[in-house]
Amino acid sequence: MSKPNRNIVITGFMGTGKSAVSQIVAKALGRTLVDTDKTIEREFGKSIPNIFASPTLGERAFRDAEARVCNELSKKQNLVIATGGGTLVPRQNLNALSQGASIFCLNATLQTTLNRLQDARDRPLLTSMQDKRSELQALLDDRRHAYARVFHQIQTDKLEPEQVAKRILDLAKLDDQLSGPNTLMVKTPPEGCYPIWIHDQVLSQLPSLLQWVQVPSRRIALVSNPRVRLLHGETLSNALQSSGFEVLSIDIPDGEERKTLDTVAQLYHELLKHKVSRHDTLVALGGGVTGDIAGFAAATYLRGISFVQVPTTLLSMLDSSVGSKTGVDLEQGKNLVGAFKHPKAVLIDPSMLHTLPREELLAGLGEAVKHAIIGDVELFELLEHFDPQRTSGKALEALIARAVRVKVSVVEEDPFEQGRRAVLNLGHTFGHAFELVSQFQIRHGEAVAVGLVAAANLAHMLGLCNEQLPRRIVQLLQQIGLQTSFEGHSPKTIFDAMAHDKKRSNQGLRFILPRAIGDVDIFDVSDDSIILDAISSVSQLSSH
Ligand SMILES: NC(=O)c1ccc[n+]([C@@H]2O[C@H](COP(=O)([O-])OP(=O)(O)OC[C@H]3O[C@@H](n4cnc5c(N)ncnc54)[C@H](O)[C@@H]3O)[C@@H](O)[C@H]2O)c1
Ligand SMILES: [Zn+2]
């Protein structure tokens, strides 16, 4: 997985020390240093100001040359590359250079930049001296978004070039250790990203992950519940402490019924009691309930502190820890209060699932099947051969990574749930109705599993898919050990619960329906009798 020959790319605005730092890094590693500006100057036989000033060349020729140089360098290894200030602004240049490379963006405040540029005469984009500040500000504003796309950001104001270089060398080592096929980078709006690190037996390596994402301080509020803390808390706090982190352990109650504002208030009190500051990090260790509460507290406490998720149930690994939604329930309903809060990182260690009760594992598998139907045929096939008793940590890791990938791609397309993200509710319109009429006696994951069957049957009735599809879904769910029917309630009762739960549009009720495995869409269904038929197809009246 590691690739120690990866290039080290150093970018950033002018005056952030790219050249000086790159020289130190190259020397420390005994590597060749390539400066893209100098490469281009050599190519044209002219200085950059002269290239810009030339009527036959100009900025256009310079930018074309930059793109060419980025492409060529991306094919090489073992280099330290210092880019020009605008080189990575075009996304394709960033994509080319970051392939298999460690990439760093150096930042500085405008004042530091001005001080450092006091004598700069050879900056072609800076013309008159008195306009320097506003010109610099405008240029920086122009490029800010592009810089933010780089994973490693280093604030250089208070650091000497040697210190910046040291940090780059440390982070590059962590890149070798932590990046790989099961490390997913999730893009967050407007620009930026965070890693989901999926590996078996890595719980005790959380400190490396925290250093990799540069959490702002070494104080960690470790939020868990008594049950999970007993099982996995000690491993985690020992690992953190032996890496020099101070751990403040805070327990919140277990159970959905305690996913309330009261619990959040209780958590705020604990955070205050431990003097948790804006620079400290809240780590949530637990299932979706813990993650949702702790994430909401992290989003709001002191107007927001850094947040890291360590999900411990299958459902939280592949569903609730991905997508930045956090929140709590009100008396009137579930998840009615909340916030979008991007974590700084997510660590998923499948070995923690060994302690999870079977029915909780099944509930998570129900959501995994949902993800497969939404966007991954191969995941569906993997699940068809899944045997929890005989699945190795590595295989589980791969399966979770695939399921997470489906959710990540949907979330990246629609980060604030404006449209497409609704497909993640596949099976949930029916599922919620089953939960409601059972008065929450049926587990969410179990209800969703039956909901998937109902949705597939409805899709078939509407002519959206062939009859094979619902059959294949039923077969998979049964093989996993999930129910595929919901008994004891009349279809009409279930229909009423559904119609009550969902706002009806003029076009009828809204469903997510599959056309095939890996192909789902949003449909409004106005014919109530077909919906009733779909409900009947999975519900039998046995106890009346
Ligand atoms: N934020 C989101 O996007 C999102 C998405 C889906 C679901 N959710 C929320 O997630 C919650 C459900 O999450 P959940 O299914 O993880 O439930 P949960 O957090 O209640 O965990 C289930 C039970 O398993 C225990 N547990 C957790 N990890 C364990 C382990 N490794 N070994 C043994 N026991 C362990 C917990 O203490 C709990 O008793 C719901 O509140 C739901 O609303 C949120
Ligand atoms: Zn769900």
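Every number for a ligand or one of its atoms is a count from 1 in the order of the listing.
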* Among all protein non-hydrogen atoms, which one is nearest to atom 26 (N) of ligand 1, and what is the separation to 0.1 Å? -> Val228 CG2, 3.8 Å
* Proximity to ligand 1 by part of Asp292, non-hydrogen separation under 4.0 Å -> side chain
* Quick one: look at Thr312 and ligand 1, take heavy-atom pairs under 4.0 Å, and tell me if it's side chain, backbone, both or neither. => both
* Structure fact -> Residue, atom and distance of the protein heavy atom nearest atom 29 (C) of ligand 1 read Leu356 CD1, 3.5 Å
* Structure fact -> One should read off an interatomic distance between Glu360 CD and Leu353 CG, to the nearest 0.5 angstrom, of 11.0 Å
* Asked: Side chain, backbone, both or neither: which part of Arg227 has a heavy atom under 4.0 Å from ligand 1?
  -> side chain
* Between Glu256 and ligand 1, which part of the residue brings a heavy atom under 4.0 Å of the ligand: side chain, backbone, both or neither? -> side chain
* To do: Kindly say whether Ile442 contributes a backbone atom to a donor-acceptor pair with the side chain of Ser438 at under 3.5 angstrom?
  => yes
* To do: Nearest 0.5 Å please: distance from the OG atom of Ser306 over to the CD1 atom of Ile220.
  => 8.5 Å
* Asked: Should you measure from each heavy atom of Leu231, which atoms of ligand 1 turn up under 4.0 Å away?
  -> 32 (N), 33 (C)
* **Under-2.8 Å neighbours of the Zn ion (ligand 2), protein N/O/S atoms only** => 3
* Asked: Counting both backbone and side chain atoms, is some N or O of Leu353 under 3.5 Å from an N or O of ligand 1?
  -> no
* Would you check, one step at a time, whether the test ring-ring contact (aromatic ring centres under 6.0 Å, His included) holds for Phe486 with Phe430? => CA-CA 11 Å; Phe486 174 72; Phe430 291 105; over 10 Å; no
* Under 4.0 Å, heavy atoms only, figure out whether ligand 1 is touched by the backbone of Asp329, its side chain, both or neither. => neither
* Is the closest heavy atom of His232 to ligand 1 under 4.0 Å? -> yes
* Asked: Judging by distance only, is a nitrogen or oxygen of Gly286 under 3.5 angstrom from one on ligand 1?
  -> no
* To do: Distance to 0.1 Å, residue and atom name: give those for the protein heavy atom nearest to atom 17 (O) of ligand 1.
  => Gly288 N, 4.1 Å
* Spacing of Tyr301 atom OH and Arg278 atom CZ [to the nearest 0.5 Å] -> 11.5 Å
* Do Asp521 and Arg515 meet the salt-bridge criterion of a basic N to acidic O distance under 4.0 Å? -> yes
* How does Leu315 reach ligand 1, by side chain, by backbone, by both or by neither, if only non-hydrogen atoms under 4.0 Å count? -> side chain
* To do: Kindly state each residue pair satisfying ring pair (Phe, Tyr, Trp, His ring centres under 6.0 Å) with at least one member in residues 334-361, sequence neighbours excluded.
  => Phe340-Phe416
* To do: Mark up the atoms of ligand 1 that fall under 4.0 Å of a heavy atom belonging to Lys325, in ascending order.
  => 1 (N), 2 (C), 3 (O)
* **Donor-acceptor contact present, side-chain Asp349 to main-chain Asp200, <3.5 Å** => no
* To do: With Asn182 as reference, evaluate Arg402, His199, Lys394, Glu397 under the side-chain hydrogen bond (donor to acceptor under 3.5 Å, both in side chains) test and give the passing residue.
  => Glu397
* Structure fact -> Nearest non-hydrogen protein atom to atom 4 (C) of ligand 1, with distance, is Ser320 CB, 3.2 Å
* When you measure from atom 18 (P) of ligand 1 to every protein heavy atom, which one gives the shortest distance, and what is it? -> Val289 CG2, 3.9 Å
Hey, can you pull the donor-acceptor pairs under 3.5 Å for the side chains in residues 262-269, sequence neighbours left out?
residue : atom : partner : partner atom : Å
Thr263  : OG1  : Arg258  : O            : 2.6
Thr263  : OG1  : Thr260  : OG1          : 3.3
Tyr268  : OH   : Thr300  : OG1          : 2.6

* Does some side-chain heavy atom of Val186 sit less than 4.5 Å from a side-chain heavy atom of Cys193? -> no
* For atom 23 (C) of ligand 1, which protein heavy atom lies nearest, and how many Å away is it? -> Glu360 OE2, 3.8 Å
* NZ-CD1 distance between Lys370 and Ile512, expressed to the nearest 0.5 angstrom -> 10.0 Å
* **Short N or O distance, Asp254 and ligand 1, threshold 3.5 Å exclusive** => yes
* Asked: Is it true that the side chains of Glu487 and Ser485 contain a donor and an acceptor less than 3.5 Å apart?
  -> yes
Which atom pairs, donor and acceptor, lie under 3.5 Å between side-chain atoms of residues 206-217 and protein residues at least two apart or in another chain?
residue : atom : partner : partner atom : Å
Trp212  : NE1  : Asp175  : OD1          : 2.5
Gln214  : NE2  : Gln153  : O            : 3.0
Ser217  : OG   : Arg219  : N            : 3.0
Ser217  : OG   : His279  : O            : 3.3
Ser217  : OG   : Asp280  : OD1          : 2.7

* At what distance is the nearest protein heavy atom to atom 43 (O) of ligand 1, and which residue and atom is it? -> Lys259 NZ, 3.0 Å
* Asked: Of all the non-hydrogen atoms in the protein, which one sits nearest to atom 33 (C) of ligand 1, and at what distance?
  -> Thr355 O, 3.1 Å
* Asked: Quick one: does ligand 1 sit under 4.0 Å from the side chain of Glu367, the backbone, both or neither, non-hydrogen atoms only?
  -> neither
* Asked: Hey, are His432 and His444 close enough side-chain-wise for a donor-acceptor pair under 3.5 Å?
  -> no
* To do: Starting at CG of Leu314, measure out to CD1 of Ile400 and round the result to the nearest 0.5 Å.
  => 5.5 Å
* What's the spacing between Leu222 CG and Thr281 OG1 if we round to 0.5 Å? -> 11.5 Å
* Just distances here: any N/O of Pro357 and N/O of ligand 1 closer than 3.5 Å? -> no
